*Asks:* 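Before I ask anything, here is the structure I am working with.
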Protein chains: 2
Amino acid sequence: MYVSRTGGSAVTGFTRTGGCPSTDDGGAIREVLDRISDKWSLLVVGALRGGPLRFGELEKEVTGISQRMLTLTLKHLVEDGLVSRTAYAEVPPRVEYEVTELGKTLVPLVIALADWAITHRDEINANRAGNQH
Amino acid sequence: MYVSRTGGSAVTGFTRTGGCPSTDDGGAIREVLDRISDKWSLLVVGALRGGPLRFGELEKEVTGISQRMLTLTLKHLVEDGLVSRTAYAEVPPRVEYEVTELGKTLVPLVIALADWAITHRDEINANRAGNQH
DNA sequence: CGGTATCCTAGAGGATACTG
DNA sequence: CAGTATCCTCTAGGATACCG
């Protein structure tokens, strides 16, 4: 899956462009966005893009996340079926997290967003600095 | 701009894939994400993808948003340079909001996200319903 | 019409301590 | 190591009322 360049989107969920109802009100976007646009979910999914990671590895990868938030975020992602959890019966315990097939469909978007953030970060910061009165 | 399909991203900001430091710590993503991943920003940008809209039109387009939140969200988007504000000296007053050139670079991603949300909404909801104990 | 100005509350999320 | 369990703070965001 890749992003259409500006013009060719089939369904957007937004209620415009010729009044096309698109089978769906914009509620779907809000619904999914509410799950994904928290402080950490996208970062965690992004961290898992290269393959499975252990809890501790994720903690280092996702800089600044607290143990509690990592636990909660992972729990939600697992519930939503975006990430799978595999616990190995060893001592010390080992638990690996990995994006599911569904999760993999989101990864390119996360990467695109990350690229966008890095590319335009300076410009945004400059605007911020300039526009504040 | 379009999203690379799974493999070809130049910079991601995530600190992996051969330990490539990517000129930048992951802080950029968090920084930009913190601005954009609030409850309404992406919805507002998405609503503006088809051209300029007035305040009142946005209020209808972005279902569920309060007047206060629309005001604040627009103010932030304008500050960041993603959206421009044009006030016409008429009575009754007319104010139009429009995505800037910078904002336009974000629009495809918002559309992609919206498409993803709509496409996978049911699957996510099914997982949610199934995984809760 | 397009906003401000206040007030108020739920819950996101941090810090710390403890556990199988 | 990979989590729970508590406690506590802070602020995003809703409701309501008013204004140029």
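Keep in mind the model is a prediction, meaning the values are calculated, not measured. Residue numbers start from 1 in every chain, and the chains themselves are labelled A, B, ... in the order their sequence lines are given, proteins ahead of strands.
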*Asks:* Rounded to the nearest 0.5 Å, what separation is found between the CZ atom of B:R30 and the NZ atom of A:K39?
*Replies:*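 Nearest 0.5 Å value for the CZ-NZ distance: 5.5 Å.
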
*Asks:* For A:L33 and D:dG13, give me the distance from atom CG to atom P, rounded to whole Å.
*Replies:*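 Roughly 11 Å, once rounded to whole Å.
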
*Asks:* Going from OG1 on A:T100 to CG on B:N127, what distance comes out if it is rounded to the nearest 0.5 angstrom?
*Replies:*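 Going from OG1 on A:T100 over to CG on B:N127, the span is 7.5 Å.
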
*Asks:* Measuring from B:R49:CZ to B:I111:CD1, what's the distance to the nearest 0.5 Å?
*Replies:*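 CD1 of B:I111 is found 5.5 Å from CZ of B:R49.
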
*Asks:* If you measure from CG on B:N125 to NE2 on B:H120, what distance do you get to the nearest 0.5 Å?
*Replies:*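 That separation rounds to 13.0 Å.
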
*Asks:* Does a side-chain heavy-atom distance below 4.5 Å link A:W116 with B:I36?
*Replies:*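 They are in contact (side-chain heavy atoms under 4.5 Å apart), so the answer is yes.
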
*Asks:* Rounding to an integer number of Å, can you tell me how far B:L43 CG sits from D:dG13 C1'?
*Replies:*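 In whole Å, D:dG13 C1' and B:L43 CG are 14 Å from each other.
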
*Asks:* Scan nucleotides 9-15 of chain C nucleotide by nucleotide, 5' to 3', and note B when protein non-hydrogen atoms come under 4.0 Å of the base, S if they reach only the sugar-phosphate, - if neither.
*Replies:* ----BBB

*Asks:* CG of B:L42 to OG of A:S37: how many Å apart, nearest 0.5 Å?
*Replies:*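 Interatomic distance, B:L42 CG to A:S37 OG, rounded to 0.5 Å: 7.5 Å.
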
*Asks:* Salt bridge (Lys or Arg N to Asp or Glu O under 4.0 Å), that's the test. Do B:E57 and B:R54 meet it? Break it down for me.
*Replies:* CA-CA 5 Å; B:E57 293 172 320; B:R54 304 179 57 167; 5.3 Å; no

*Asks:* Supply the atom-to-atom distance A:F55 CZ to A:E96 CD, rounded to the nearest 0.5 angstrom.
*Replies:*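 Nearest 0.5 Å value for the CZ-CD distance: 14.0 Å.
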
*Asks:* Between the protein and nucleotides 1-3 of chain C, which nitrogen or oxygen pairs come in under 3.5 angstrom?
*Replies:*
residue	atom	partner	partner atom	Å
C:dC1	O3'	B:R54	NH2	3.1
C:dC1	O3'	B:P93	O	3.3
C:dG2	OP1	B:R54	NE	2.9
C:dG2	OP1	B:R54	NH2	3.0
C:dG2	OP1	B:V95	N	3.4
C:dG2	OP2	B:G56	N	3.1
C:dG3	OP1	B:R85	NH1	2.3
C:dG3	OP2	B:Y97	OH	2.7
C:dG3	N7	B:Q67	OE1	3.0
C:dG3	N7	B:Q67	NE2	2.7
C:dG3	O6	B:Q67	OE1	3.2

